[in-house]
Amino acid sequence: MYGMARSPSPLRKAFPRHMLVLFLAVAGLGMSLVEAVTTHQRNLPQESVCDTEVPRNLLGMCRTYCESLDCDGSGLVNSAHRCETLLQNYVARSGGQLPPCLGIDSDGDDAPDNLDNCPAFYNPNQDDADSDGRGDGCDNCEFDPNFDQVDTDHDGLGDACDTGANPILSDVAILKGRRHSECSGLIQLCCADPPLCSCCCMPDQLTLHTSDIDLVTITARASSPLQPLLVNLRFLQPPEDLAPVGQVPRRVTFQMFDVGSEVIDTVLVDAQELPVVSGDQTAGDGIFTRSFYFVTPTQSSAFGCVQKQDVANRGATYTFYASPFDLDPSIPLIYDFLVQAVDSSGGLDTSAVFPLTIQRTSVVNTSVPLACGPPTGNGGCLSGSTGAEARP
């Protein structure tokens with residue numbers, strides 16, 4: 001019955017484990033032989049320090065000590081007595097040998113994991129300012145004792161030192177649109193005054209510029225009783241799974257704003273300062289926004305034409321982010337975006353990760369020659385932009 005200690009089943013005493021599985025299969029009790037063996041194999045640890053270093057008769061005890069109860073690390077709640085009992089039995093049966101996990105030093109600070117107050121953080125001095133048994137490098141309340149390290153709101157700050165006034169993020173959304181732009185530029189080569197130039201009657205060059213770029217917009221509702229409140233968009237460049245060997249991804253951060261159409265910056269295009277906005281719709285509504293063009297490497301610039309058209313159509317443009325990495329064009333560019341809100345006390349809230357596929361930027365420049373205009377009579381000729389038709 002449940003809740004009562006049971007002695008080993010006579011059936012289990014009479015049969016070894018593998019024979020018991022066979023018996024149950026033949027008898028039709030619950031599962032086939034294949035299902036039973038497969039289930040048993042599926043539940044075995046895939047990588048275990050016990051598998052290669054421990055005799056077969058100690059394997060189960062080793063796995064219980066090193067893995068199930070994690071006795072070499074912090075251990076599970078209320079498992080200290082079981083860990084100590086297991087250790088004594090293991091040492092007795094092994095002729096004085098310790099479980100192999102007790103000799104592991106994961107962080108290389110010369111303190112074995114079972115004695116290290118931060119097993120995964122290099123801290124050879126083992127500093128513990130609040131004497132709670134957790135080293136300063138991995139203590140989520142460095143100056144307030146908290147043996148259990150409980151962090152109810154999962155903000156990286158333990159309950160013992162968390163004021164509870166953390167910012168709150170909600171309604172995080174990510175949108176992407178493809179922005180097509182067309183513009184042209186004229187390079188005047190026809191020379192009307194030969195003494196002041198070296199070229200004479202060479203065709204003007206009309207350049208037609210077309211581009212297609214992803215415009216990314218992130219929005220998030222954020223609030224906090226403590227001000228100021230800083231809301232940031234973050235992602236890694238290049239994506240972690242696409243980083244070249246030896247290349248450490250760099251964290252890119254864009255501040256998000258709740259300022260409506262207020263100008264947040266300016267950009268210089270053709271010696272003219274153009275206003276930059278965040279993309280936010282309504283100031284002070286608690287919704288923070290950032291819109292930006294995500295530009296992948298191209299042979300020609302995709303900046304000026306798009307920005308001038310934005311200003312002409314909407315009165316302002318958006319930030320450009322130019323990726324510095326020319327990654328394999330056959331591989332999809334999937335970036336993981338997240339939003340983080342931080343208040344004046346250091347309290348924070350972080351959103352889930354939002355994966356987004358970025359389409360590579362396309363820029364096409366086409367040059368068309370324009371025949372020069374009529375001769376000026378002094379060896380020069382008028383510009384082709386005065387009405388002469390384009391030459392094929």
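Computed from a predicted structure; not experimentally measured.
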With a 3.5 Å cut-off and no angle check, do the side chains of [X] and [Y] form a donor-acceptor pair?
X    : Y    : value
D310 : Q307 : no
D212 : S362 : no
D343 : Q227 : no
N117 : N123 : yes
Q97  : Y90  : no

Under a 3.5 Å distance rule, please check whether [X] uses its side chain to pair with a backbone N or O of [Y] as donor and acceptor.
X    : Y    : result
N232 : Q340 : no
K176 : T357 : yes
D128 : G133 : yes
D258 : G286 : yes
N146 : D148 : no

Handout entry: Under-2.5 Å SG separation for cysteines C138, C118
Key =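 With an SG-SG separation under 2.5 Å, C138 and C118 do form a disulfide.
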
Exercise for the section: Spell out, with a plain yes or no, whether C66 and C101 have SG atoms under 2.5 Å apart. Expected result: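 Judged by the SG atoms alone, which are under 2.5 Å apart, C101 and C66 are bridged.
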
Problem - Verdict with reasoning, L274 to Q272, per side-chain contact (heavy atoms from CB on, under 4.5 Å) - result: CA-CA 6 Å; L274 305 182; Q272 179 184 2; 3.8 Å; yes

Exercise for the section: Say whether V306 and V364 are linked into one hydrophobic cluster, either directly or through other cluster members, by side-chain heavy-atom distances under 4.5 angstrom. Expected result: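 No, it is not one cluster - the side chains of V306 and V364 are not joined through contacts under 4.5 Å.
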
Exercise for the section: Give a yes or no on whether the ring-centroid distance for F235 and F337 is below 6.0 angstrom. Expected result: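 So the answer is yes for these two rings.
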
With a 4.0 Å cut-off, would you call [X] and [Y] a salt bridge?
X    : Y    : value
D285 : R221 : no
D139 : R134 : no
R290 : D280 : no
R63  : D51  : yes

Exercise for the section: Scan F320, Y335, Y318, F254 and name whichever one has a ring-ring contact (aromatic ring centres under 6.0 Å, His included) with F294. Expected result: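 Exactly one option meets the ring-ring contact (aromatic ring centres under 6.0 Å, His included) with F294, and it is Y335.
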
Practice task
Work out which heavy atom in P239 is nearest to a heavy atom in L327; give both atom names and the distance.
Solution key: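 In this case the closest contact between P239 and L327 is CD-CD1, 4.4 Å.
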
Exercise for the section: Would you name the heavy atoms of S261 and V277 that are closest together and state the gap between them? Expected result: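 It is O-CG1, 3.6 Å.
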
